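Below: one structure, written as structure tokens.
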Amino acid sequence: MKYDPQKLEPMWQVYWEKEGLFKSAEDASKEKYYLLEMFPYPSGKIHIGHVRNYTIGDVVARYMRMRGKNVLHPMGWDAFGMPAENAAIENNTHPAKWTFDNITAMKKQLKRMGFSYDWDRELATCDPKYYRWEQLVFLKMYEKGLAYRKKTHVNWCESCQSVLANEQVEDGCCWRHTDKEVIIKEMDSWFLKITDYADDILEFCEKLPGWPDRVLTMQKNWIGKSHGALIRFPLDGSDEVIETFTTRQDTVYGATFLCFAPEHPLVKKIIKGLPQEKEVTNFVERILKIESFVRTADFTTKEGVFTGRYCINPVTEERIPIFVANFVLIEYGTGAIMAVPTHDQRDFEFAKKYGLKLRVVIQNPDGNLEKETMEEAYVGQGALVNSGPFNGQQNLAALESIAEYLESKGMGHKTENFRIRDWGISRQRYWGAPIPIVYCKKCGTMPVPEKDLPVVLPLDLDMRPNGGSPLPFEPSFYKTTCPVCKGEARRETDTMDTFVESSWYFDRYTCPDYEEGPLDPNRVDYWMPVDQYIGGIEHAILHLLYSRFYTRVLRDLGYLKVTEPFTKLLTQGMVCKETQECKTHGLLYPFEVKDGLCVHCHTPIKTGNIVKMSKSKRNVVDPQGLIDQYGADTLRMFCLFASPPDKDLEWNDQGVEWSSRFLTRLWRLVTDHLEGLKGTDLYKEQGGLPESLKSLHRKTHQTIKKVTGDIENRFHFNTAIAAIMELVNEVNHFLNSEVKKDQTAWSVVREAVEAGVVLLFPIVPHITEELWRMLGHKKSLVETPWPEYSGAALEEQKKLVVLQVNGKLRSKIEVPAFYGDAEIEAQALADERIQHFTKGKPIRKVIVVQKKLVNIVV
RNA sequence: GCGAGAGUGGCGGAAUUGGCAGACGCGCUGGACUUAGGAUCCAGUGGGGUAACCUGUGGGGGUUCGAGUCCCCCCUCUCGCACCA
């Protein structure tokens, strides 16, 4: 009988679906296990990254079912987003049609991979039944002040009629319109107040032991809490006061000038009518327009311009100049800094460039720091000098007292500052969830009444040929009436960032059909939190942080009881492959290369670096071709065996070949010996096995132990598979050996084979189901419990002990398992090879490691 | 510049807690079977050496009876970034 995955795999997929084996229902009597993989954007076809992500998840889901858990394993679609708009313009279709066609195609592919999803819970975020609840939550957040509107500066491309992210700006121009200079536009945008929860999110980083340290560190750094002081500098000749934030209030006596960020609202105000007005305005415009993207680049010269105004250093009462500087960021702190050139390198460089005053306020331990001879800022510790009442104190010790002093004099106060900024959610896009707000000329910004939700995104619109949202040009959408005065009003035409949808889809999976509100309390409380979340490392910050924020918001609105959405997190590495390039035809897809030559011009291609698979690099492999050729099981097996999930996976086509070969070997192991295997029952534990059988029996149980630990504790499927390969090899060896195959022998073989099949089921479910049937079982492996290993079977009568002399391996001995350290030591010293290496040298010390190793030091 | 990771045979990787470096697989070499082999099976395979043995986890130091693993310095690569005051 030949192994034919194309016939066998769809058959089992139909069987699982018909039997409803992956359906999940709330059951208080069973322990729940919510396993989630990050849902895909419906781009059209699944890619290898999806295959890897969802295979990892599927193994865990199937494993947990076999462990008796009530498993929820849902799948859905992150269906709003820009690619749909672009594709719609290119192909003259509608984003909705494009999206739903893609969903249909990708769903078929996922089913062909045999993933064990409960498709009854499928959701698409572009469905009004989904986003209506998001709109409701937005209104609740607006009510609580958690959603608010403010002006921001954004990169704007006139051609796209859209805001660009920094990474979409290349050399000051739009990435898609390289002749179009990007302008800085001031714009009203909606924000969610993630900063209100920053402290809590930060604190809980310590309470997520199931998350990779790496991700938590990144999140902590992103939130970036720092302790410092807010210090007020009165503007000379005015009532105005400039607020600055510093973490170094110990250096306040050394602040000899002050710098504004170019965007700071006070700048325009204080330069009005001064001779410097024009120069400053030009500088601000230049920095904003041309340099706003490179201000964050690796290497930027610090530069600025004098405003013509002065302020008063509140502690020295000195009049100090005010500058606008490119290195000060409006988003951080207060957008203005006190500059201490002697103790901050950037300030030092700036002061040197513009000939500004320096004052040393921290003396170094050598006591030889002088402003005249300094060549760089002194950022170390030391005693305060030139600091009035604080002279002589150690600078770090004075942080607290200076803050208190400032507060007592009304010049400032101790405070905390966060790096993280509020979450801007306004997008000038069509294919997104409308923000449920109307603007009334009389009443102002008005929330859409709850009873009028959802604000449905109209589907009968044509896309604008140059891109940009059609909504602001569609009166049937934006024309509306004020919910209060019934007068003329205009609807908000911005839509929400798609990260909003992905911040709570995991909650909605628990009750996708619920119509009374966003979440059914009974069901969401049963399933949440997600026990295991699996997805790409690229989401380490934004998506995961937003989800943690949104979960807290939903909790405080009373929709949820949990604080953290994901108990455990597995971040998988990227799938990488080398790029291939032809001199004339540029980057090539793998199918455009044959025998190292470009198929278009038959010239040799250049092989590039191994980088993340992406369409833009053309180094992609279409999984569909591999499924058609080898079947889903082979592909699943390769993704898992090639490397542990958290590491990058380097793709090679041969790998699929060898995993196919292993499955064929497994197939033949059962089919070639079916008669012997079916003629006996499983081996029942009893004494008196001959050593050859005993070691196979032991190997079976060692494998069960190893595979269970690898899956359960660390998701190392590659070593789990290696262990099963060893077991299969050992069975083959045994069957090829001279040992007589009596009834007992076959029962031990059957035990080994069945263990191999069951252990492999989560990894390659189709072939194992088939083999399981062949072995005479009636029930699906889905309903078969995970095997337990027997401690008795693992017991060995002899232990191998490694003998070292001075830490170098010199010999190995076998000792009875019951030997104690003293007996092992005696036998080690008596070993011939050990005597050879220790001959004539006094033994200084002997270290015995419990039944493992003896090290003799001479 | 800042932050986070990584570096082990010809290759992917293993070594879970400081205790046999290289499991498992690929590739390669030899053999068997075969009309044939890019199928299958068996054996071998870090490097050097006939051997005893020596040597070996990016480089250099250190801790330790013992280091791929811990500490310090350096090199290279990858990822993230908002000059973080």
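To find a chain, count down the sequence lines: A is the first, B the second, and so on, and within it residues start at 1. Because the structure is predicted, anything quoted here is derived from the model rather than measured.
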Report summary line: Per-nt protein contacts along nucleotides 12-18 of chain B (heavy atom under 4.0 Å; B base, S backbone sugar-phosphate only, - none) come out as BSSSB--
Query raised in the report: Going 5' to 3' along nucleotides 42-55 of chain B, which nucleotides have protein heavy atoms under 4.0 Å from the base (write B), which only from the sugar-phosphate (write S), and which from neither (write -)?
Result: S----------SSS
Could you tell me the separation between the [atom1] atom of [X] and the [atom2] atom of [N], rounded to a whole number of Å?
{"X": "A:Ile337", "N": "B:rC83", "atom1": "CD1", "atom2": "P", "value": "13 Å"}
{"X": "A:Phe662", "N": "B:rU40", "atom1": "CZ", "atom2": "C1'", "value": "16 Å"}
{"X": "A:Asn729", "N": "B:rC41", "atom1": "CG", "atom2": "C1'", "value": "12 Å"}
{"X": "A:Glu730", "N": "B:rA23", "atom1": "CD", "atom2": "C1'", "value": "14 Å"}
{"X": "A:Arg248", "N": "B:rC83", "atom1": "CZ", "atom2": "P", "value": "20 Å"}
{"X": "A:Lys220", "N": "B:rG80", "atom1": "NZ", "atom2": "C1'", "value": "17 Å"}
{"X": "A:Leu809", "N": "B:rG68", "atom1": "CG", "atom2": "P", "value": "13 Å"}
{"X": "A:Leu329", "N": "B:rC81", "atom1": "CG", "atom2": "P", "value": "16 Å"}

Could you give the distance separating [M] and [N] at their [atom1] atoms, to the nearest angstrom?
{"N": "B:rG59", "M": "B:rG44", "atom1": "P", "value": "30 Å"}
{"N": "B:rU78", "M": "B:rC72", "atom1": "C1'", "value": "24 Å"}
{"N": "B:rG62", "M": "B:rC54", "atom1": "C1'", "value": "25 Å"}
{"N": "B:rC28", "M": "B:rG61", "atom1": "C1'", "value": "38 Å"}
{"N": "B:rG19", "M": "B:rU69", "atom1": "P", "value": "11 Å"}
{"N": "B:rG27", "M": "B:rU76", "atom1": "C1'", "value": "27 Å"}
{"N": "B:rA23", "M": "B:rC74", "atom1": "P", "value": "35 Å"}
{"N": "B:rG30", "M": "B:rU63", "atom1": "C1'", "value": "47 Å"}

Query - Pair A:Trp423 + A:Phe499: ring centers closer than 6.0 Å - result: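 Judged by ring-centre distance (under 6.0 Å), A:Trp423 and A:Phe499 do not meet the cut-off.
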Report task. Taking syn as within 90° of 0 and anti otherwise, name the glycosidic form of B:rG37. Result ->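 It is anti.
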Report task. Assess whether side chain to side chain contact (heavy atoms under 4.5 Å, CB included) is satisfied between A:Met38 and A:His543, documenting all intermediate values. Result -> CA-CA 10 Å; A:Met38 290 179 185; A:His543 162 59; 4.0 Å; yes
For [X], report the nucleic acid contact type (base, sugar-phosphate, nothing); a contact means any heavy atom under 4.0 Å.
{"X": "A:Met725", "value": "sugar-phosphate"}
{"X": "A:Arg844", "value": "nothing"}
{"X": "A:Arg346", "value": "base"}
{"X": "A:Ile420", "value": "base"}

Requested in this report: Please check if the side chain of A:Asp646 supplies one atom and the backbone of A:Gln572 the other of a donor-acceptor pair under 3.5 Å.
Outcome: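 Looks like no, no N/O pair under 3.5 Å.
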With sequence neighbours excluded, residues passing salt bridge (Lys or Arg N to Asp or Glu O under 4.0 Å) with [X]:
{"X": "A:Glu814", "answer": "none"}
{"X": "A:Arg232", "answer": "A:Glu243"}
{"X": "A:Asp821", "answer": "none"}

Could I get the full list of side-chain contact (heavy atoms from CB on, under 4.5 Å) partners for [X], not counting sequence neighbours?
{"X": "A:Arg833", "value": "A:Ser811, A:Asp831, A:Phe837"}
{"X": "A:Ser643", "value": "A:Arg52, A:Lys647, A:Leu649"}
{"X": "A:Asn806", "value": "A:Val857, A:Val858"}
{"X": "A:Arg421", "value": "A:Glu331"}

Query raised in the report: Within 45° of the ring axis of A:Phe191 and under 6.0 Å from its six-membered ring centre, is that where the NZ or CZ of A:Lys150 lies?
Result: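 Pair A:Lys150/A:Phe191 counts as cation-pi.
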Report task. State whether A:Trp211 and A:Arg548 meet the cation-pi test: NZ (Lys) or CZ (Arg) under 6.0 Å from the six-membered ring centroid, and within 45° of the perpendicular axis. Result ->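 The answer is yes, since A:Arg548 meets both limits relative to A:Trp211.
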Query raised in the report: Relative to the ring of A:Tyr3, is the ring of A:Trp667 parallel (under 30°), tilted (30 to 60°) or perpendicular (over 60°)?
Result: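 Plane angle between 30° and 60°, so tilted.
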Report summary line: Each base of RNA chain B marked ( ) or [ ] if paired in-strand (Watson-Crick or G-U under 3.5 Å), | if paired to another strand and . if unpaired gives (((((((..(((......[....)))((((((.......))))))(((....)))..(((((..]....))))))))))))....
Enumerate the protein-to-nucleotides 64-66 of chain B contacts in which both atoms are nitrogen or oxygen and the separation is below 3.5 Å.
{"unit_1": "B:rC65", "atom_1": "O2'", "unit_2": "A:Asn855", "atom_2": "ND2", "d": "3.2"}
{"unit_1": "B:rC65", "atom_1": "O2", "unit_2": "A:Asn855", "atom_2": "ND2", "d": "2.5"}

Query raised in the report: Could you give the distance from CG (A:Leu384) to CG (A:Asp250), rounded to the nearest 0.5 Å?
Result: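 Here the rounded value is 6.5 Å.
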Query raised in the report: More 5' along RNA chain B: A:Trp658 or A:Val802, using each one's nearest nucleotide?
Result: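 So the residue in question is A:Val802.
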Query - Phosphate OP1/OP2 of B:rC41: any A:Arg661 side-chain N/O under 4.0 Å - result: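 For B:rC41, neither OP1 nor OP2 has a side-chain N or O of A:Arg661 closer than 4.0 Å.
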Requested in this report: Give the C-alpha distance, both sets of side-chain angles, the deciding distance and a yes or no for side chain to side chain contact (heavy atoms under 4.5 Å, CB included) between A:Phe662 and A:Leu760.
Outcome: CA-CA 12 Å; A:Phe662 172 73; A:Leu760 274 171; 4.0 Å; yes
Report task. Report the residues that fulfil side chain to side chain donor-acceptor pair (under 3.5 Å) with A:Asn53, sequence neighbours left out, ordered by chain and then residue number. Result ->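 A:Asn53 satisfies side chain to side chain donor-acceptor pair (under 3.5 Å) with no residue once adjacent residues are dropped.
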